[in-house]
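Structure first, then comments.
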Amino acid sequence: MRRLKALTKLPLKCIPVCTLIAFTIFSFVVIHSSAKEFYDVVILNGRVIDPESNLDVVRNLGISNGTIKAISSSKLEGRTTIDARGLVVSPGFIDLHQHGQNEENYRYKVMDGVTTAFELEVGTGDVDRWYAERAGKAAINYGVSAGHLAARMAVMHDPPTFLPTGEAARRAATDAEIEEMKRLLEKGLQRGAVAVGFGIQYVPNASHWEILEMFRVAARYGASCHVHMRNAGLREPASSVQALEEVIADAAITGAPLHVVHIASTGGPATPKLLQMIAEARSRGIDVTTECYPYIAGMTEIKSAIFNEGWQDVFGIDYKDLQWAATGERLTKETFDNYRKVGGYVAVFSMTEDIVEGALKNPLTMIASDGILENGKGHPRTAGTYTRVLGKYVREQGSITLMDALRKMTLMPAQRLEKRVPSMKNKGRIRIGADADITIFDSQHVIDKSTYKEPAQYATGIRYVLVNGVTVVSDGQLQSQVFPGRPVRAPF
Ligand SMILES: [Zn+2]
């Protein structure tokens, strides 16, 4: 009050006219903006589901600078308005297991609702180069592990194939080679690799000691070990039960967190037993998690060690249960022998619907795709994993609730990584301050369209996807030339 009096006492001619005008405009702007915040994007009247807080109500979201700024039941205004009436507004899906990491694959991922895709099983041998190759060119967020396979292939001078086909696939390592692999993993972790990746079944002569040594490196950096286990199926010796004992022991000995990849395709009929073992290990305080995908077939490289002598007994299948990805044909002994010389992807029908549904229903499993498409060829899981869970298993079969399905796609994968990668605390959640990675879908119509014969089919029902606040899918249509994806990396 006293100050106001002082101001009014000033002779008017002492204040230049332009200052007066500026003051008037300034006070108008301040009053206006404090009365009503104006956001970059608002998402109105959607059914907002957040598995961390268990929120499941109609709300409006306000987004600015790539961040969720408001979650409100009152009307919000923004430069862009998305009408989400009748749609579910969820945290964007996080895929911990996506091999295909290029423009082609990211298009199918985002149309399946994925906003962050990690390559953590196979990983890379050159972390800096891997991130540099994607910078500014990615529709979704991306991240990678330091890969034991890559380290082994480098040390043994293998040809630069995706999975080992040279000496790394065939022989044991010397102590000096194990030391060199440890050095390579350590270098990757020092450059911000998100985790450490393993494909032990692809390098069957890697000793138990070699794998344990790699876990020791991971433990020093608090990095989770994402493991494709040494053996599949139930047949003893060399069962998946024994394989899980190996890596749970490694986690217990070293303290490294363990994440078992595609538990159903490795476990087959042993899957319920493996899930029981993981639950028991967790109850003893060992940090073990796992993932699965909603398909009864896996897919891998026909030249890999998985198809070494005796594969039929391991998986309990025969040639007819293999489907050649390039043509869709089922194999015979003759065509198998031919293709094994040439190389390429083959679908392996080794699971049943009961195995897949049992794994999905288990509260321990996250959803992860194991996807890769190359020029439109590959496994339907690349383009359909998340919409298939939402359409077939949530809506049609009622196998799990929508909230539980979304938890397995968002919060759980974020939590798996957030100790080493603190930025993951701002993903997988609809929370003020969280990254605006948001997937908006029609729960009544969402479904996968990709098949084994035609894997490169966009899913339907994903209506809008925002990545760091930028719209990548709008009204069900992929927006071209939009690359808001950012690297997800551990501090380095
Ligand atoms: Zn695998």
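With respect to E133 and R129, a salt bridge is recorded, a charged nitrogen being found less than 4.0 Å from a carboxylate O. Between K109 and D112, none of the side-chain N atoms (NZ, or NE/NH1/NH2) sits under 4.0 Å from a carboxylate O, so this pair counts as no salt bridge. Taking the charged nitrogens against the carboxylate oxygens, D50 and R429 have no contact shorter than 4.0 Å, which rules out a salt bridge. Residues R183 and E186 are not paired through a salt bridge, judged by the lack of any N-O separation under 4.0 Å between the basic side chain and the carboxylate. One finds no salt bridge joining R381 and D95 here, because no Lys/Arg side-chain nitrogen approaches an Asp/Glu carboxylate oxygen to under 4.0 Å. A salt bridge links R107 to E103: at least one charged side-chain nitrogen sits closer than 4.0 Å to a carboxylate oxygen. The residues K341 and D337 are annotated as not salt-bridged, no charged nitrogen and carboxylate oxygen being separated by less than 4.0 angstrom.
Note: H379 and Y295 meet the aromatic proximity criterion, with ring centroids under 6.0 Å apart. Ring centroid separation for the pair F349 and Y452 comes in under the 6.0 Å cut-off.
Cation-pi geometry between R463 and F441 is not met: the NZ or CZ atom fails to fall both under 6.0 Å from the ring centre and inside 45° of the normal. Taking the ring axis of Y393 as reference, the NZ or CZ atom of R388 does not stay both within 45° of it and closer than 6.0 Å to the ring centre.
To the nearest 0.5 Å, the span separating CD on E213 from CG on L185 amounts to 11.0 Å. The CD1 atom of I430 sits 11.5 Å away from atom CG of L411, with the distance rounded to the nearest 0.5 Å. Between atom NZ of residue K137 and atom CD of residue Q481 there is a gap of 12.5 Å, rounded to the nearest 0.5 Å. Note that CH2 of W130 is 8.0 Å distant from OG1 of T124, once rounded to the nearest 0.5 Å. Rounded to the nearest 0.5 Å, atoms CG (D448) and CD (Q457) are 11.0 Å apart. With rounding to the nearest 0.5 Å, the separation of CG in L402 from CG in D56 is 7.0 Å.
At a threshold of 4.5 Å between non-hydrogen side-chain atoms, the residues T460 and V446 do not count as touching. For the pair T385/F93, no side-chain contact is recorded, criterion being any heavy-atom separation below 4.5 Å from C-beta on. For the pair I462/Y386, no side-chain contact is recorded, criterion being any heavy-atom separation below 4.5 Å from C-beta on. You'll find the side chain of P51 stays beyond 4.5 Å of the side chain of S90, heavy atoms only. At least one side-chain heavy atom of T165 sits less than 4.5 Å from a side-chain heavy atom of P159. Considering only heavy atoms from C-beta on, Y345 stays 4.5 Å or farther from T300 through its side chain. Side-chain contact between M181 and V217 is absent, with no heavy-atom pair separated by less than 4.5 Å. Side-chain contact between R47 and V89 is absent, with no heavy atoms from C-beta onward closer than 4.5 Å.
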Passes side-chain contact (heavy atoms from CB on, under 4.5 Å), W324 versus Y339? Steps please. CA-CA 9 Å; W324 190 239; Y339 287 136; 3.4 Å; yes

Quick one, T365 with N362, criterion side chain to side chain donor-acceptor pair (under 3.5 Å). Give me CA distance, side-chain angles, the key distance, then yes/no. CA-CA 6 Å; T365 54; N362 189 293; 5.4 Å; no

Run the numbers on K449 and Y458 for side-chain contact (heavy atoms from CB on, under 4.5 Å), then give the verdict. CA-CA 6 Å; K449 293 287 181 187; Y458 289 137; over 6 Å; no

Between Y106 and F483, does the side-chain contact (heavy atoms from CB on, under 4.5 Å) criterion hold? Intermediate values first, please. CA-CA 10 Å; Y106 292 156; F483 305 111; over 6 Å; no

Determine whether C225 and F215 satisfy the following criterion, side-chain contact (heavy atoms from CB on, under 4.5 Å), listing intermediate values before the conclusion. CA-CA 7 Å; C225 294; F215 268 66; 3.6 Å; yes

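Paired with E121 under the rule side-chain hydrogen bond (donor to acceptor under 3.5 Å, both in side chains), one option of H259, H226, H228, Q98 passes, and it is H228. Exactly one residue among R330, E329, R340 makes a side-chain contact (heavy atoms from CB on, under 4.5 Å) with T335. That residue is E329.
A donor atom on one side chain and an acceptor atom on the other are found under 3.5 Å apart for T289 and R416. A donor and an acceptor atom, one from each side chain of S239 and E236, are located under 3.5 Å apart. One side chain, N468 or N141, offers a donor N or O that lies under 3.5 Å from an acceptor on the other.
Residues passing the side-chain contact (heavy atoms from CB on, under 4.5 Å) test with L234, sequence neighbours excluded: P269, A270, K273. For D437, the salt bridge (Lys or Arg N to Asp or Glu O under 4.0 Å) test picks out K427, with sequence neighbours left out. For R420, the salt bridge (Lys or Arg N to Asp or Glu O under 4.0 Å) criterion is met by no residue, not counting sequence neighbours.
Evaluation of the salt bridge (charged side-chain N to carboxylate O under 4.0 Å, His left out) test over residues 240-254, restricted to residues two or more places apart or in two chains, returns R230-E246. Applying the salt bridge (charged side-chain N to carboxylate O under 4.0 Å, His left out) test to pairs two or more places apart or on separate chains, those with a residue in residues 343-369 are E353-K392. Residue pairs meeting the salt bridge (charged side-chain N to carboxylate O under 4.0 Å, His left out) criterion with at least one member in residues 147-171, sequence neighbours excluded, are R152-E210, E167-R171, R171-E177.
The backbone N or O of G344 sits less than 3.5 Å from a side-chain atom of E301, completing a donor-acceptor pair. A side-chain donor-acceptor contact under 3.5 Å links D442 to the backbone of Q444. Remark: side-chain polar atoms of T352 are paired, donor with acceptor, to backbone N or O of I355 under 3.5 angstrom. With hydrogens and angles ignored, the 3.5 Å screen pairs no side-chain donor or acceptor of R216 with any backbone N or O of T254. The closest donor-acceptor contact from the side chain of T451 to the backbone of E454 lies under 3.5 Å. Side-chain atoms of Q323 do not come within 3.5 Å of backbone N or O of A347 as any donor-acceptor pair. At distances below 3.5 Å, at least one donor-acceptor pair connects side-chain atoms of T382 with backbone N or O atoms of I372.
Shown here is E334, whose CD atom has no more than 12 heavy atoms of other residues, nucleotides or ligands within 6.0 Å. Residue-environment remark: CD (Q479) exceeds the threshold of 12 foreign heavy atoms within 6.0 Å.
Shown here for Y131 and V488, the closest heavy-atom pair between the two residues is OH-O, 2.6 Å. The minimum heavy-atom distance linking P294 with L360 is given by the pair CB-CD1, 4.2 Å. L163 and L149 get closest at one heavy-atom pair: CD2-CD1, 3.8 Å. S265 approaches S350 most closely through the heavy-atom pair O-OG, 4.4 Å. Heavy-atom minimum distance, T439 versus G113: OG1-O, 2.8 Å. Nearest heavy-atom pair, D435 versus S423, reported as atom, atom and distance to 0.1 Å: OD2-O, 4.4 Å.
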